[in-house]
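Take a look at the structure below.
Chain naming here is simple, since letters A, B, ... match the order of the sequence lines and numbering starts at 1 in each. Only a predicted model underlies this, so the values are computations on that prediction, with no experimental measurement involved.
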Amino acid sequence: MPELPEVENTRRYLMEIGLPGKTFTLVNIGWANSVKHPELEDFVLGLPGRSVETVNRQGKYLLLPLNTGETLVLHLGMTGGIRVQPKSQPAPPMVRHTLVLDDGTELRFIDPRKFGHLWLVDELKNAVPTMGPEPLNGGFSPNVLTNALAGRSAPIKALLLDQSIIAGLGNLYADEALYLARIHPERMGSSLTSVEVTRLHDCIVLALTTALDRYDQSRRQAWPDPPFGLSTWTVPRKSGDSCITCGTPMKLIRIRARSTYFCPQCQKV
DNA sequence: AGTACGTCCTGATCGC
DNA sequence: TGCGATCAGGACGTAC
């Protein structure tokens, strides 16, 4: 599922494929609920004629500033992925929306479970929810994390999923970071020692940068059709799997209705 | 304010 | 073999 590394991978893909400079000519929405406008028409008629300036990312949101000053916002949801392909190339399965471009290609929004969203905003301000610091570009430090966890009684796993605390973590990389940091996912946020918070901070950064490196590699190797997702984590995520450090069978619990894998030996309460 | 849970979706997988 | 049930989870609305 698209989390920070997957969305950033998509951003780099869109930049490398040369989306900036291209102009939308036609919009084909296959699932109206994905469009966050009261009137679908506002979006469908609002986009053609606009060209893409660049592709930015904020948390799990893709932000495409347009030449008019508006911004096209994309969220991949759980199963979303994007391809920019020649119109003549057969569309892959599960394409929900097609944004036709002026150079004979089209941006294809693939989204089996329809959890993705897209919309157009006049101003970037308030376009997406206020989010915590980006884990990979300054603003994120052990100290910031300590302050964010102070007084919080929710399980650390739930807090890592909270986009207002840290931008971009999802279920898989939250598990990954906790596993690498050897911290039990049900620990109360405020109960982490400063040593643990520092370790968690470092492991969040490590998990994300490791994944991004692999995505960079896979884009080079599989261009122009790189995979949307890779198994870039080290937490065994199948029942019956054993911890790669100590061999103890991994445990599966639910936190906020999310599957949470951890090693009961390495990640003690 | 902080915490927790239901809802939206459908392809894949499981169990009988 | 086939078919129904279950699972998966990001963001948001709502409740307490």
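Residue Pro155(A) is classed as a sugar-phosphate contact, given heavy-atom separations below 4.0 Å to backbone atoms only. In this structure, Asp111(A) reaches neither bases nor backbone, as no heavy-atom distance under 4.0 Å exists between it and the strands shown.
A distance of 9.0 Å separates NZ in Lys60(A) from CG in Leu4(A), rounded to the nearest 0.5 Å. One distance of note links CG of Leu180(A) with OG1 of Thr210(A); it measures 8.0 Å at 0.5 Å rounding. Here the CG atom belonging to Leu136(A) is positioned 10.0 Å from the CD1 atom belonging to Ile204(A), to the nearest 0.5 angstrom.
The cluster map of Ile, Leu, Val, Met, Phe, Trp and Tyr, joined by side-chain heavy atoms under 4.5 Å apart, puts Leu169(A) and Ile255(A) in different clusters.
Atom-to-atom, CZ of Arg256(A) to P of dA4(B) comes out at 4 Å; the value is rounded to the nearest Å. Atom NE2 in His97(A) sits about 12 Å away from atom P in dC9(B), given to the nearest Å. Rounded to an integer number of Å, the gap from CH2 of Trp31(A) to C1' of dC9(B) is 8 Å. When the P atom of dG10(C) is taken as reference, atom CD1 of Ile165(A) falls 15 Å away, rounded to whole Å. Protein atom OH of Tyr173(A) is 12 Å distant from nucleotide atom P of dG10(C), rounded to whole Å. The distance between atom CG of Asp162(A) and atom C1' of dC5(B), rounded to the nearest whole Å, is 15 Å. Between Lys114(A) atom NZ and dG10(C) atom C1' there is a gap of 17 Å when expressed in whole angstrom units. Rounding to whole angstrom units, OH of residue Tyr261(A) and C1' of dC7(C) are separated by 10 Å.
One finds no side-chain N or O of Ser153(A) lying less than 4.0 angstrom from the OP1 or OP2 phosphate oxygen of dG2(B). Residue Thr79(A) places none of its side-chain N or O atoms closer than 4.0 Å to OP1 or OP2 of dC9(B). Under 4.0 angstrom from either OP1 or OP2 of dG10(C) there lies no side-chain N or O belonging to Asn171(A).
Between His37(A) and Phe43(A), the angle of the ring planes lies from 30° to 60°, which puts this pair in the tilted group.
Considering only heavy atoms from C-beta on, Val95(A) stays 4.5 Å or farther from Gln85(A) through its side chain.
No option in Glu8(A), Glu6(A), Glu16(A) other than Glu16(A) meets the salt bridge (charged side-chain N to carboxylate O under 4.0 Å, His left out) test with Arg219(A). With Lys22(A) as reference, Thr105(A) is the one residue of Val52(A), Thr105(A), Leu107(A) to meet the side-chain contact (heavy atoms from CB on, under 4.5 Å) rule.
For the 3.5 Å distance criterion, the side chains of Ser141(A) and Asn143(A) fail to qualify, holding no donor opposite an acceptor.
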Protein within reach of the bases, or only the backbone? For nucleotides 11-16 of chain C, mark each nucleotide 5' to 3' as B, S or -, using heavy atoms under 4.0 Å. BS----
Between the protein and nucleotides 11-15 of chain B, list every N/O to N/O distance that falls short of 3.5 Å.
none

